[in-house]
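Written out below as structure tokens is the structure these notes cover.
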Amino acid sequence: MIEEALVSRVLGAALRTGGEFAEVFAEDKRSSSAHLDDGKIEELGSGRDRGAGIRVVVGDTTGFAHTADLSEPGLLAAAEAAAAAARGGGGGVRSVALTRQNAPRPYEVQVQPGDVPKATKVELLHRADEVARAQGGAIRQVSASYADSRRRILVANSEGLLAEDDQVRTLFVIGCVAVGDTGMQTGRESVGRTIGFELFDTYEVDELARRAAGRALTKLAARPAPSGALPVVIGKGGGGVMFHEACGHGLEADHIQKNVSVFAGRVGQQVASPLVTLVDDGTVATEWGTFAIDDEGTPAARNVLIQDGVLTDYMWDRLRARKEKRPLSGNGRRQSYQHLPMVRMTNTYLLNGTSTADEIVADTPNGVYVAHLGGGQVNPATGDFVFGMTEAYLIEDGKITEPLREGNLIGNGPKVLEMIDAVADDFEMGPPGTCGKDGQGVPVGDGVPTLRVTSLTIGGTAA
Amino acid sequence: MSDELLEIGDRIVGLARAGEQVEVVVGRSRSTEVRVYDGEVESLSSATSAGVGVRVVSGHRQGFAYAGSLDPEVLADTLADARDNAGFATEDAFLGLAEPDGVPVPELDLYREGLAALPTERKIELAAELERAVRAADRRISGVDAADYADALAEGCVVTSTGIRTSSRESSCYISASCLASDGDDTQTGFGFSVGRLPEDLDISVAAGDAARRATRLLGATKPSGGRFTIVLDPFVTAQLIGIIGSTFSGEAVLKGRSLFADRLGEEVGAGAITLVDDPTNPLAYTAGETDGEGLASRRNVLIDAGVLQKFVHNAYSARRAGTTSTANAVRGFKSTPGVGCRALSLVPGTQSQDELLASVGDGVLISSVSGLHSGVNPVSGDFSTGAEGLRITGGALGEPLREFTIASTLQRMLLDVAAVGADLEWLPMSAAGVSLVVRDVTVSGA
């Protein structure tokens with residue numbers, strides 16, 4: 001992407017005003033997408049983003065500039081701008097010797113999506129539309145999207161690091177609208193992996209279409225969700241969103257260092273039920289939040305955050321780790337070269353327990369079973385968080401019964417972690433997610449086995 | 001300076017082949033972001049970015065490509081990609097670019113040269129002053145986790161082979177703070193901001209005061225028990241709500257069977273107090289703009305008048321398909337084709353201040369913030385459920401703080417259940433204005 005000698009000169013220029021640390025992050029991303037709606041392939045799109053972000057750190061100050069111009073004058077101008085923003089004492093000319101560090105690749109892509117004929121991608125969309133509509137006359141509308149991206153990055157810094165990665169992601173999403181006596185309902189399914197077009201060797205769009213349509217149809221008969229606090233059983237897979245919100249964000253070191261997390265100062269303490277062992281792991285082959293190196297050049301790692309209920313560690317990026325003089329954890333990520341990296345999750349998941357899903361439901365006299373979640377939000381400083389239920393059912397006398405309309409559930413992270421009283425042995429990863437923080441979106445994964453929380457507040461309208 | 005962008009547009013459009021429509025959207029911006037923490041600059045970012053989006057319609061098929069660069073070589077590739085993509089789309093007789101419709105482009109004066117000349121030191125000082133002001137606002141403020149200043153100078157143009165050739169530029173800046181308030185073991189958070197086109201427009205005391213007040217007034221909050229209540233939405237919450245309601249008036253959603261309000265034109269969909277207007281020609285709106293994403297002149301559209309549904313909003317495609325004309329509601333950046341959306345929504349304000357509204361409500365709940373709008377509100381079914389924080393309203397005044405509860409209803413019911421709109425309209429850094437709103441009969445779920 002950029003010649004090694006040039007990277008070295010740019011780092012030298014970035015350090016000219018006395019910077020203690022300088023970094024070049026270059027990115028070349030190509031993406032393609034195809035979208036079907038209303039029975040038609042509405043459009044195919046192609047995109048190209050290419051540029052570099054340069055940062056310079058002096059003390060607690062970071063200067064940052066980015067440019068789409070990867071020529072020597074373009075890069076040097078960005079280096080000057082970043083250096084001007086972060087001035088140290090001393091300065092002068094420094095040269096930086098770079099050592100290439102290769103992190104193990106989590107997976108070798110088999111079929112580059114760029115090599116797949118567009119007609120083949122389009123065919124997937126037609127297929128999904130056809131299958132979804134065949135699920136019943138009540139399915140009145142279907143939209144489906146295919147998207148792939150190939151993101152090549154290069155990270156080099158004044159400590160001599162030079163590392164590269166080539167990240168390929170492929171995504172398929174389908175959404176259905178069903179119409180019945182009670183109005184309209186929606187159902188959505190998605191699959192995304194950090195792999196190439198071989199995604200469709202494992203996942204059949206037919207199955208995704210059936211599930212999305214089925215979800216919309218089921219909800220036509222849904223009754224208003226209860227209002228108030230009830231035991232909640234979270235189904236395997238997508239329930240990982242709950243941990244992402246309940247404690248994931250609260251364990252990011254930037255929140256910890258500014259003391260805006262309820263988990264600050266709690267390492268070594270029991271913060272959750274002993275049934276909880278939570279891991280953040282950027283190395284899981286093919287998952288949506290997987291990579292070889294993070295966006296600061298650190299190899300992805302498997303980090304245990306909570307072991308048997310005890311908080312073991314936070315997640316770190318270079319800036320926060322540097323301040324604490326501690327090792328990096330591979331959680332420094334950014335949306336693009338136009339953004340500064342910060343602490344982000346990768347794939348966050350709960351390890352299996354020993355119950356079975358059937359036992360957990362049977363052992364719940366009254367409650368709510370959440371089969372599919374739809375994102376969430378947290379205030380890390382108070383720990384209050386919400387997540388949406390996009391497919392949920394009542395549990396009555398230990399049995400899953402009637403479907404419920406959509407709504408949010410609300411809880412407080414530290415309290416909810418203590419109220420997990422059953423974890424099953426049926427672990428699964430959930431659908432791909434995009435985590436938003438401070439205006440930046442990055443791909444993340446999460447997963448859980450079936451589990452139960454003794455009390456969560458359900459935001460429905462039924463008395 | 002937009003001439004240079006128009007020339008790029010002209011050059012690509014000039015390559016259109018016979019029987020082919022080509023649209024080029026070019027954007028360029030220069031921005032600065034400063035974050036101050038503990039009296040020091042935590043980060044200072046400065047950036048210039050530019051890019052182009054090319055749409056080709058040929059044989060009633062549409063293709064699109066973009067590039068985050070204005071490099072001539074990349075531009076030629078982008079047109080070729082868009083052209084190639086068009087070959088794979090489904091034929092649709094309604095597809096086509098916008099065409100000049102004779103509506104004059106309003107002059108909104110959204111650009112201030114002064115912003116470009118502002119020294120970086122002054123930007124840093126603004127963020128630092130903001131941080132000090134938040135700390136000084138209340139002794140219970142225990143931290144300011146972010147005090148930011150940000151600005152952008154943006155210019156863009158749309159050029160098409162159908163005769164559209166418009167350009168625009170604008171400047172904007174804002175300050176924002178988020179803080180913590182503590183009392184014993186209890187911690188609460190608050191945020192505040194101020195927006196403008198020049199730093200002189202920014203009001204540090206308002207931003208700092210709002211952040212401190214939002215955080216401190218929630219100290220000691222407890223989880224309420226549930227029930228059905230009259231709620232009063234703070235202006236910021238109302239802006240978020242009408243943003244979602246606005247999405248249901250998209251002509252595209254109507255045509256594709258995804259709007260709650262399809263087939264309801266001319267009917268009463270809201271209480272008489274509701275008049276909802278989308279007006280990007282109002283220069284006070286943060287998202288004001290002289291043209292839409294297809295280069296048509298912006299215009300004022302009344303969506304609901306005294307509770308009665310008046311119109312849906314359209315871009316060129318949805319309008320043609322619906323047998324009407326574009327309302328200049330094409331919404332996009334250079335990285336995507338135009339969608340349909342509201343651009344600067346506001347409710348026509350009523351006559352009462354928030355205090356007067358509280359007095360008239362008597363007993364209920366003031367909602368100061370909501371969370372999970374993306375996960376618990378479904379604009380197709382109308383189900384509405386969000387996490388919330390706020391204060392109890394008792395005897396017509398604010399009482400104890402409340403947290404960790406949800407509010408739920410449906411979008412359809414909430415519009416009909418509006419009892420009053422406040423007089424306190426304020427423009428926020430989003431595509432909708434805030435105003436206090438009284439809604440009856442909303443379910444509160446708590447302990």
Side-chain angles (χ1 to χ4, degrees), chain A residues 34 37-38 40-51 59-68 81 85-86 118-119 122 140-141 177 179 183-186 227-229 258-260 338 340 374-377 379 381-382 384 386-388 405-408 410-412 457-461, chain B residues 37 40-50 62-69 74 78 81-82 85 88-90 92 120 143 145 180 187-189 226 255-258 260 335-337 371-372 374-376 378 380-383 385-387 389 403-409 443 445-447:
Chain A
D37 198 359
D38 206 19
K40 303 184 202 65
I41 301 296
E42 289 195 327
E43 78 184 32
L44 273 71
S46 314
R48 182 168 190 195
D49 295 280
R50 185 165 168 268
D60 288 334
T61 298
T62 299
F64 180 67
H66 64 80
T67 176
K118 289 175 182 173
V122 164
R140 298 289 171 79
Q141 194 53 282
V177 178
V179 181
M184 292 185 283
Q185 287 293 344
T186 57
S227 154
K258 286 191 172 179
N259 202 24
V260 282
Q338 301 189 343
L340 271 169
Q377 194 177 337
N379 179 342
T382 63
D384 289 350
V386 294
F387 63 85
R405 294 184 70 124
E406 285 178 37
N408 266 311
I410 193 163
N412 180 267
T457 296
I458 322 282
T461 55
Chain B
Y37 180 69
E40 302 284 335
V41 176
E42 178 179 313
S43 61
L44 170 55
S45 307
S46 57
T48 307
S49 47
Q62 173 168 302
F64 178 76
Y66 80 84
S69 158
V74 174
T78 308
D81 280 346
N85 283 337
F88 296 90
T90 307
D92 181 342
T120 305
D145 48 304
L180 299 173
T187 297
Q188 297 295 335
T189 59
L255 288 166
K256 292 178 175 172
R258 287 195 186 90
L260 294 168
K335 293 190 179 184
S336 70
T337 52
S371 59
H374 62 300
S375 59
N378 185 325
V380 177
S381 69
D383 286 330
S385 162
T386 73
E389 293 175 333
R403 60 175 266 233
E404 204 193 330
F405 63 97
T406 61
I407 51 173
S409 181
T443 304
S445 300

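So that the names make sense, note that chain A is the first sequence line, chain B the second, and so on, each numbered from 1. All figures in this text were calculated on a predicted structure; none of them were measured in a lab. Values reported hereafter were calculated over all heavy atoms of this structure, with side chains retained and with hydrogens, waters and symmetry mates removed.
With chain B as the partner, the residue from Glu406(A), Glu42(A), Lys118(A), Arg140(A) showing the most heavy-atom pairs under 4.5 Å is Lys118(A). Chain B forms more heavy-atom pairs under 4.5 Å with one residue of Ala86(A), Gly388(A), Gly374(A), Gly459(A) than with any other, namely Gly459(A). For chain A, the option among Lys256(B), Gln62(B), Gln188(B) with the highest count of heavy-atom pairs below 4.5 Å is Lys256(B). When each of Gly63(A), Ala381(A), Ala229(A), Gly376(A) is checked for heavy-atom pairs under 4.5 Å with chain B, Gly376(A) comes out on top. Interface check for chain A: of the options Leu44(B), Thr406(B), Asp92(B), the most heavy-atom pairs under 4.5 Å are formed by Leu44(B). Chain B forms more heavy-atom pairs under 4.5 Å with one residue of Lys258(A), Lys40(A), Gln377(A), Met184(A) than with any other, namely Lys258(A). Among Ala34(A), Ala85(A), Ala81(A), the residue making the largest number of heavy-atom pairs under 4.5 Å with chain B is Ala85(A). Contact tally against chain A (heavy-atom pairs below 4.5 Å) for Thr337(B), Thr120(B), Ile407(B): the top residue is Thr337(B).
Considering all non-hydrogen atoms of both residues, Gln338(A) and Ser49(B) come closest at NE2-CB, 3.6 Å. Annotation for Gly68(B) and Ala68(A): closest pair O-CB, 3.6 Å, computed over non-hydrogen atoms. In terms of heavy-atom proximity, Phe405(B) sits nearest to Ile410(A) at O-CD1, 3.4 Å. Of all heavy-atom pairs between Thr443(B) and Ser227(A), the closest is CG2-OG, 3.5 Å. Shortest non-hydrogen contact noted between Val74(B) and Arg48(A) is CG2-NH1, 4.4 Å. Scanning all heavy atoms of the two residues, the minimum distance from Ser371(B) to Val386(A) falls at OG-CG1, 3.5 Å.
Taken from CG in Leu180(B) to CG in Asn259(A), the straight-line distance is 7.0 Å, to the nearest 0.5 Å. To the nearest 0.5 Å, atoms CD (Glu43(A)) and CG (Asn85(B)) are separated by 8.5 Å.
Of the possible donor and acceptor atoms, none in the side chain of Thr461(A) sits under 3.5 Å from a partner among the backbone N and O of Ala408(B). Checking side-chain atoms of Thr457(A) against main-chain N and O of Ser445(B) turns up no donor-acceptor pair under 3.5 Å.
Looking at Gln141(A) and Val380(B), their side chains never come closer than 4.5 Å, going by heavy atoms from C-beta outward. Inter-residue side-chain proximity for Arg50(A) and Ser69(B) is flagged as unmet; no heavy-atom pair is nearer than 4.5 Å. Considering only heavy atoms from C-beta on, Lys335(B) comes within 4.5 Å of Asp49(A) through its side chain.
Proximity to chain B is limited to the side chain of Asp38(A), based on heavy atoms less than 4.5 angstrom apart. Heavy atoms of Ile458(A) lying under 4.5 Å from chain B belong exclusively to its backbone. Neither the backbone nor the side chain of Thr78(B) comes within contact range of chain A, judged by heavy atoms closer than 4.5 Å.
Remark: the Asn408(A) side chain and the Ser375(B) side chain contain an N/O donor-acceptor pair separated by less than 3.5 Å. Glu404(B) and Asn412(A) are not linked by any side-chain donor-acceptor pair at a separation below 3.5 angstrom, with hydrogens and angles left out of the test. Donor-acceptor pairing under 3.5 Å is lacking for the side chains of Ser43(B) and Thr62(A).
Checking Val260(A), Asp384(A), Asn379(A) one by one against Thr189(B), the side-chain contact (heavy atoms from CB on, under 4.5 Å) holds for a single residue, Asn379(A).
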Applying salt bridge (Lys or Arg N to Asp or Glu O under 4.0 Å), run through Asp383(B) and Arg405(A) and close with a yes or a no.
CA-CA 7 Å; Asp383(B) 286 330; Arg405(A) 294 184 70 124; 2.8 Å; yes
